[in-house]
Amino acid sequence: MRLIIAEKPSLARAIADALPGGQRQDGAIVCGDTIVTWCLGHLLEQAPPEAYDPADKQWRLDRLPIVPRQWQLVPRPKARGQLAVIRKLIKQATSVVHAGDPDREGQLLVQEVIEHLKYRGPVQRLLVSDLNRPAVSRALASLRPNSEFQPLFEAAQARARADWLYGINLTRAWTLTGRQAGHDGVLSVGRVQTPVLGLIVRRDNAIRDFVPHPFYPLWVDLQVAQGQLRAWWAPKEHQPLDEQGRLIDRTPADALAVQLPGARGTLTTLDQQEKRQAPPLPYSLSALQVDAARRHGLSAQMVLDICQRLYEQHKLITYPRSDCRYLPEEHLPLARQTLASACQHDDTLRGWLQGADFTLRSKAWNDKQVGAHHALAPTGKPADFSQLSATEGHVFRLIVRNVMAQFYRPLRTFEVKAEFTLLDEAFRTRGQSILDPGWKPLFTTREEAPPLPPLTQGEACQALGAGVEEKETRPPEPFTDASLIKAMMNIGRYVDDPEVRRTLRDTDGLGTEATRAGIIETLVQRGYLVRQQKALRATQLGVALIAALPSAVSTPERTALWEQRLRAISERQDDPNAFQHALLEDLHTLLRQSDASKLRHSLQTAQGEAAGPAKRSGTSKKSYARRKSTGSKTGSKTGSKKSTGSRSSTAGKRVRSRRTD
């Protein structure tokens, strides 16, 4: 008997549909000599500290750091029944097929069950990224040895253990320090959630501490040979300028403005060039979350939940938790048929389809850029919009649009930059005209600079009028779901060290495609963040925690470099044991820095928003994303008052290894 173990029931049903027969039984589907069963997310989780030593059930600083000598996994309470089903079936199996999701965590989720049940027979790997029957059938015909994915498993296992060590020890240390400082509640610390909180706290501090100052741009309207245009003064360095080169004293601008009308000058520098812009690539999950937040006001978690429904329930899109923005080359010949089928029941999509040219080939079709996943794409199943919510329809259209755009011509523009000299001063302007809109009509993008009249190097000009505007500098914008997800994707921009910034340029940033939305929601649930309309703001508790922690815990360098090492492990370029050894050295250093007096001071002086009621943003209680959430249950209080902190008071119970904060 061949046993296929899927990551979740929806995937198991899709696999069974692609096999002959199909008879349901308790916890499995029988398809001839193949039985398909499933996990329910993680069936196993890291054992709590007291499983290794009963003395660690009580939280004590002198017991830290807690480091298991022999790691243990235990069944999740609600998963015992399904684990028993798999245990019974695996004893009868002559071969096993691992059908976890095609990513690092999917590899861990099923393989840890196979190893926990001590199966020693042959194991193959099934990679399914599209739940439609033809795609599943092709995947079933292309099984690979599971041993090929052992480095991926080792990387995921190293991540799970490192998160446990980091979260358990630092959460216990700062919670106990918090008690000494008078705070009755769990202070949860995680290797991703805390740097994300640090980003928001530092942005909020910059907004709060911002002192605006006026600046004075000077414009001049010029008559040129074939029309008129407006240009702006570029003050010389000896003028009173701020760091951005803006004039902060109005006096020289007013003096020049008086002299300009009627003045004659020359076009001294002219840069004209035609530019071609390829269509935006198909979406990764994070890129989709950014656009959906901007265009439709959806939180990152809402987008993830919608994508899971479009993938699992409606089967309209391919695997959504992807960090890739490229598509396999084998999909290109099928694209016309796939898109035509996907678009047939929606006027907007049909309109886009009519403008597509399927003889074109964009850079999106590139096998070299496709790893375990490819970009989000429609499966080709016709979308019944009467069965979709409005937000599901919005997200589906975005996904289809970005694939459809690959069959539109590039956007061609003519861009002009010009510098005029009048009264020995430089005045600059720029303009753009569209030569071919290409893919642009599919996108509601903002307009760039308006076109300029035709210009010739060296031509004369005359000033018609001039004026000075009074403007004021503005503080940074608070983070939103869209800008925070983008910051997590491009975390190197928030690193000061140029060497580290270069190192981080090619890494995945903070968190993963599957975890970023959950990290944001976890911070809200734990009372560290609140939503104010679209803005995400830190609470007094969140600000106080960041102020009290060592800066290394709340800045992105460490966790982003973790991801780099984990990727190296998955590519056989690093060793899991060396990774854990380095982490333990780091932990010892950090634990020595817990300081009750510093924490007491920060709790008393922190500025921030009042904590709101903890709730998830736009998610259903039975959401699949909740099973794969990204918070870290990192410690639990015993022998003391019940915590009055946030939902992180579950912390010293069991840590689900799927979580990555």
Side-chain angles (χ1 to χ4, degrees), residues 1-43 79-103 106-107 109-149 308-320 330-331 334 337-338 341 378-382 384 387 622 624 627:
M1 181 266 286
R2 179 176 68 165
L3 178 65
I4 300 178
I5 306 174
E7 179 164 333
K8 48 192 176 291
S10 59
L11 178 58
R13 290 192 296 270
I15 294 169
D17 287 345
L19 294 169
Q23 182 178 354
R24 293 293 298 264
Q25 67 177 42
D26 184 28
I29 306 171
V30 180
C31 304
D33 60 358
T34 296
I35 297 180
V36 184
T37 188
W38 54 83
C39 300
L40 303 167
H42 275 283
L43 300 183
R80 293 182 185 277
Q82 187 61 21
L83 188 62
V85 169
I86 300 175
R87 186 189 305 274
K88 178 181 177 181
L89 292 172
I90 208 167
K91 289 179 179 178
Q92 306 167 26
T94 54
S95 68
V96 168
V97 176
H98 178 316
D101 281 348
D103 61 8
Q107 187 65 34
L109 191 149
V110 175
Q111 187 166 335
E112 67 184 3
V113 170
I114 295 171
E115 294 192 359
H116 181 75
L117 297 178
K118 296 181 170 54
Y119 176 76
R120 297 291 181 263
V123 181
Q124 292 177 295
R125 186 65 163 97
L126 173 64
L127 299 169
V128 176
S129 60
D130 181 340
L131 295 187
N132 277 344
R133 183 179 295 181
V136 177
S137 296
R138 288 195 299 271
L140 284 165
S142 305
L143 297 178
R144 296 162 64 181
N146 189 60
S147 57
E148 291 182 12
F149 301 88
Q308 286 297 147
R309 293 195 296 273
L310 292 174
Y311 172 61
E312 295 183 358
Q313 179 182 339
H314 303 294
K315 299 184 180 180
L316 292 175
I317 66 170
T318 57
Y319 179 74
E330 68 174 13
H331 286 199
L334 307 173
Q337 178 183 344
T338 298
S341 180
T379 60
K381 179 181 178 182
D384 182 352
Q387 299 300 310
K622 294 184 179 180
Y624 168 67
R627 295 202 307 273

Given side chains that start at C-beta, do those of [X] and [Y] come closer than 4.5 Å, heavy atoms only?
| X | Y | answer |
| --- | --- | --- |
| I90 | V96 | yes |
| H42 | L109 | yes |
| L19 | I4 | yes |
| P320 | Q308 | yes |
| L127 | F149 | yes |

Residue pair K381 / S341: nearest heavy atoms and the distance that separates them = C-OG, 4.3 Å
Which pair of non-hydrogen atoms, one from I29 and one from A12, has the smallest distance, and what is that distance?
-> CD1-O, 4.3 Å
Please name all residues satisfying ring-ring contact (aromatic ring centres under 6.0 Å, His included) with H331, sequence neighbours left out, ordered by chain then number.
->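 Checked H331 against ring-ring contact (aromatic ring centres under 6.0 Å, His included); matches are H374.
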How many angstroms lie between atom [atom1] of [X] and atom [atom2] of [Y], to the nearest 0.5 angstrom?
| X | Y | atom1 | atom2 | value |
| --- | --- | --- | --- | --- |
| R125 | S147 | CZ | OG | 12.0 Å |
| L3 | K91 | CG | NZ | 13.5 Å |
| L310 | K315 | CG | NZ | 13.5 Å |
| Q387 | L316 | CD | CG | 11.0 Å |

Taking the side chain from Y119 and the backbone from P122, do they hold a donor-acceptor pair closer than 3.5 Å?
-> yes
Counting N and O atoms only, with roles assigned by atom type, does the side chain of T338 sit under 3.5 Å from a partner on the main chain of G380, one being a donor and the other an acceptor?
-> no
Y319 and D103: CA distance, side-chain angles, deciding distance, side chain to side chain contact (heavy atoms under 4.5 Å, CB included) verdict | CA-CA 10 Å; Y319 179 74; D103 61 8; 2.9 Å; yes
Can I5 and H98 be said to form a side chain to side chain contact (heavy atoms under 4.5 Å, CB included), step by step?
-> CA-CA 5 Å; I5 306 174; H98 178 316; over 6 Å; no
With distance as the sole criterion, is a donor-acceptor pair present between the side chains of Q107 and D101 under 3.5 Å?
-> no
Would you check, one step at a time, whether the test side chain to side chain contact (heavy atoms under 4.5 Å, CB included) holds for R87 with L117?
-> CA-CA 6 Å; R87 186 189 305 274; L117 297 178; 3.5 Å; yes
Could you go through the side chain to side chain contact (heavy atoms under 4.5 Å, CB included) check for I114 and V110 one step at a time?
-> CA-CA 6 Å; I114 295 171; V110 175; 3.9 Å; yes
Side-chain donor-acceptor pairs of residues 33-41 under 3.5 Å, sequence neighbours excluded:
| from | atom 1 | to | atom 2 | distance (Å) |
| --- | --- | --- | --- | --- |
| T34 | OG1 | R2 | NE | 3.1 |
| T34 | OG1 | R2 | NH2 | 3.3 |
| T37 | OG1 | G27 | O | 2.8 |
| T37 | OG1 | Q82 | NE2 | 3.1 |

For E148, enumerate each residue passing the salt bridge (charged side-chain N to carboxylate O under 4.0 Å, His left out) test, keeping only those at least two apart in sequence or located in another chain.
->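 With sequence neighbours excluded, E148 shows a salt bridge (charged side-chain N to carboxylate O under 4.0 Å, His left out) to R144, given in chain and number order.
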If you look only at distance, which donor and acceptor atoms sit under 3.5 Å apart when one is on a side chain in residues 133-143 and the other is two or more places apart or in another chain?
| from | atom 1 | to | atom 2 | distance (Å) |
| --- | --- | --- | --- | --- |
| R133 | NE | D17 | O | 3.1 |
| R133 | NH2 | D17 | O | 3.4 |
| S137 | OG | R133 | O | 3.0 |
| S142 | OG | R138 | O | 3.1 |

Could you list the residues that satisfy side-chain contact (heavy atoms from CB on, under 4.5 Å) with Q313, not counting sequence neighbours?
->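 Here the qualifying residues are R309.
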Using the test side-chain hydrogen bond (donor to acceptor under 3.5 Å, both in side chains), find all partners of Q337 that sit at least two apart in sequence or belong to another chain.
->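 Once residues adjacent in sequence are excluded, Q337 has no partner under the side-chain hydrogen bond (donor to acceptor under 3.5 Å, both in side chains) criterion.
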Over 12 foreign heavy atoms within 6.0 Å of CD, Q23 | no
